[in-house]
Amino acid sequence: MALDTKYNAVVTALGMYVPETILDNKYFEKIVETNDEWIKSRTGISERRIIENGATSDLATGAAKDLIEKYNINPEEIDVVIVSTVTPDMFFPATACLVQDNIGAKNAWGFDVSAACSGFLFGFHVGASLIESGRYKKVLVIGADKMSAITDYTDRNTCILFGDAAAAVLLEPTEDKNFGLQDSLLHCDGSGREALYMKGGGSLNPPTHETVDKKLHYIFQDGKAVFKVAVKGMADISYEIMQKNNLTSEDIAYLVPHQANLRIIDATAQRMGIPKEKVMINIDKYGNTTAATIPLCLVEYYRDGKVKKGDKLILSAFGAGFTWGATYLVWGMD
Ligand code: UT7
């Protein structure tokens, strides 16, 4: 369903950053009561990366610099920097400001988007809208999370799931409506807030010795409850965007799903009638990197020569909030 504007927003450059340190499943066998077989069969994860020295802005800056260097982008031409994250360096200033400074995007303004695992889709849609308006020509959208900063490494329910990473895309306008963002369906439902959240640190539970003692500054997840809604939510929204845009599974080159659990990804692909070879998967290598999972898949598959100009992609996610959504994108890069 083409948008009724002069411009479409199309991806013209990509970049990624993953830290060097790898935590494999054997490592977790040493620190909590778990095993490689359980983790692989229940989640699809074999290893994940963590940043030992650095913050989310360092991950995001690494991805932005990779993009700038590989595509010879002049940072002074970037109009807007959007960072989707739930692990900002600090409450304020926004991580986008730190990235803007680090990359020398002297003429840009920017802000953070907080939508957890749906963060990249929300940030992408907002960035695309700024392009579609005709007001901006270069919008950098980055998904970045240092999940290790809020992970309780004594809690086997959550610690095996998450990793740190960042990936970035540059959006620019095109008058060829056959390419770029075609449609987005985005939702939030705050009644799900207690199934997946970090209770402490904000204005509700400001940091105190008590909040630290009670471990309120870590991710809390009711895994089973989230699993149930995520399976249905991601499958339904992905199917809905196909139907709305008259797409069959043959039309779609790739499903690009948020990487939280391989079983959720499989259920989504099944609902859409999409075979496994047309599903982007890298959860085995990186675990759940929250806002970074979707752009990280895009970068890796594109760099492997697997994504071609004109390919129709469905991006989909489900996460804390609850937030969820799907995006229909036609790839515009050679
Ligand atoms: O990205 C944002 C959205 N998040 C998600 O989409 C995550 C959704 N949830 C999930 O992916 C899954 O619920 C998990 C992977 C978190 C857990 O898998 P599950 O199949 O739902 O396991 P469970 O929570 O039902 O736990 C089954 C058993 C429990 O033991 P009992 O109570 O049956 O004795 C857990 O204590 O597995 C136990 N368990 C573990 N065992 C070994 C939980 N974590 C582990 C572990 N190793 N790491």
Side-chain angles (χ1 to χ4, degrees), residues 23-48 84-87 113-122 143-148 150-165 186-198 218-238 256-269 271 280-284 286-297 315-326:
L23 302 184
D24 61 13
N25 291 347
K26 290 279 169 207
Y27 169 81
F28 288 90
E29 289 183 359
K30 286 185 230 143
I31 62 166
V32 289
E33 185 77 36
T34 190
N35 59 78
D36 179 52
E37 199 281 325
W38 191 97
I39 300 173
K40 274 195 196 137
S41 62
R42 297 291 182 116
T43 70
I45 301 167
S46 297
E47 53 189 49
R48 62 301 278 149
S84 299
T85 186
V86 286
T87 52
V113 167
S114 175
C117 299
S118 309
F120 182 75
L121 293 192
F122 283 29
D145 270 300
K146 180 186 172 184
M147 296 307 289
S148 63
I150 57 168
T151 297
D152 175 0
Y153 285 95
T154 65
D155 175 15
R156 71 174 182 173
N157 292 292
T158 52
C159 71
I160 52 116
L161 299 172
F162 296 98
D164 305 337
L186 304 172
H187 295 280
C188 70
D189 176 2
S191 70
R193 57 187 168 273
E194 290 185 3
L196 177 51
Y197 63 151
M198 194 175 91
Y218 291 128
I219 302 159
F220 169 83
Q221 174 170 250
D222 179 346
K224 220 175 264 190
V226 177
F227 186 86
K228 230 191 246 172
V229 278
V231 162
K232 183 162 165 37
M234 223 164 97
D236 283 355
I237 201 80
S238 306
V256 193
H258 169 54
Q259 314 276 309
N261 188 314
L262 194 54
R263 290 181 290 148
I264 299 174
I265 295 172
D266 287 346
T268 302
R271 177 79 194 278
M280 290 192 190
I281 294 170
N282 61 15
I283 189 172
D284 48 321
Y286 304 121
N288 184 349
T289 57
T290 303
T293 62
I294 289 176
L296 202 57
C297 277
L315 286 46
S316 76
F318 191 98
F322 295 125
T323 56
W324 70 103

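All residue numbers in this chain count up from 1 along the given sequence. Order of listing sets the numbers, starting from 1, for every ligand and every atom in it.
- Listed by number with element, the atoms of ligand 1 under 4.0 Å from a non-hydrogen atom of Asn288 are 1 (O), 2 (C).
- Nearest heavy-atom pair, Ile219 versus Thr151, reported as atom, atom and distance to 0.1 Å: CD1-OG1, 3.7 Å.
- In this structure, Ile39 has no heavy atom closer than 4.0 Å to ligand 1.
- Asp152 meets the salt bridge (Lys or Arg N to Asp or Glu O under 4.0 Å) test with Lys215; sequence neighbours excluded.
- Of the options Lys224, Gln259, Lys228, the smallest heavy-atom separation from atom 24 (O) of ligand 1 is shown by Lys224.
- Taking every heavy atom of Glu33 and a limit of under 4.0 angstrom, the matching atoms of ligand 1 come to 42 (C), 47 (N).
- Under the 4.0 angstrom criterion, atom 13 (O) of ligand 1 counts as having a protein heavy-atom contact.
- Asn25 pairs in a side chain to side chain contact (heavy atoms under 4.5 Å, CB included) with only one of the listed residues (Glu47, Arg48, Glu37), which is Arg48.
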Pairs under 3.5 angstrom only: tabulate donor-acceptor contacts from the side chains of residues 190-198 to other protein residues two or more places apart or in another chain.
{"unit_1": "Ser191", "atom_1": "OG", "unit_2": "Asp189", "atom_2": "OD1", "d": "2.7"}
{"unit_1": "Ser191", "atom_1": "OG", "unit_2": "Asp189", "atom_2": "OD2", "d": "3.2"}
{"unit_1": "Arg193", "atom_1": "NH1", "unit_2": "Gly190", "atom_2": "O", "d": "2.6"}

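- Shortest non-hydrogen contact noted between Arg156 and Glu33 is NH1-O, 3.0 Å.
- Of all atoms in ligand 1, numbered sequentially from 1 with element shown, those under 4.0 Å from a heavy atom of Ile264 are 6 (O).
- Atoms of ligand 1 found under 4.0 Å from any heavy atom of Val226, numbered from 1 in the order shown, are 3 (C), 4 (N), 5 (C), 6 (O), 8 (C).
- With Glu29, Glu37, Arg156 as candidates, the residue nearest to atom 48 (N) of ligand 1 on a non-hydrogen basis is Arg156.
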Salt bridge (Lys or Arg N to Asp or Glu O under 4.0 Å) between Asp284 and Lys40: does it pass, once the steps are laid out? CA-CA 8 Å; Asp284 48 321; Lys40 274 195 196 137; over 6 Å; no
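- Ligand-side atoms of ligand 1 in range of Arg263: 18 (O), 19 (P), 20 (O), range being under 4.0 angstrom from any heavy atom.
- Here the side chains of Ile294 and Leu121 are in contact, with some heavy-atom distance below 4.5 Å.
- A donor atom on one side chain and an acceptor atom on the other are not found under 3.5 Å apart for Asp145 and Thr289.
- Between Asn35 and ligand 1, not a single N/O pair is under 3.5 Å apart.
- Within a 4.0 Å radius of atom 29 (C) of ligand 1, the protein has no heavy atom.
- Within a 4.0 Å radius of atom 6 (O) of ligand 1, the protein contributes one or more non-hydrogen atoms.
- Counting only non-hydrogen atoms, the option in Phe227, Trp38, Trp324 that gets closest to atom 39 (N) of ligand 1 is Trp38.
- Below 4.0 Å from some heavy atom of Arg42 lie the following atoms of ligand 1, by number and element: 19 (P), 20 (O), 22 (O), 27 (C).
- The presence of a protein heavy atom under 4.0 Å from atom 9 (N) of ligand 1 is confirmed.
- Atoms of ligand 1 lying under 4.0 Å from at least one heavy atom of Asn157, given by number and element, are 43 (C), 44 (N).
- By the 3.5 Å distance cut-off applied to N or O atoms, Gly223 is counted among the residues near ligand 1.
- Interface of Asn261 with ligand 1, defined as ligand atoms under 4.0 Å from a residue heavy atom, comprises 10 (C), 11 (O), 12 (C), 15 (C).
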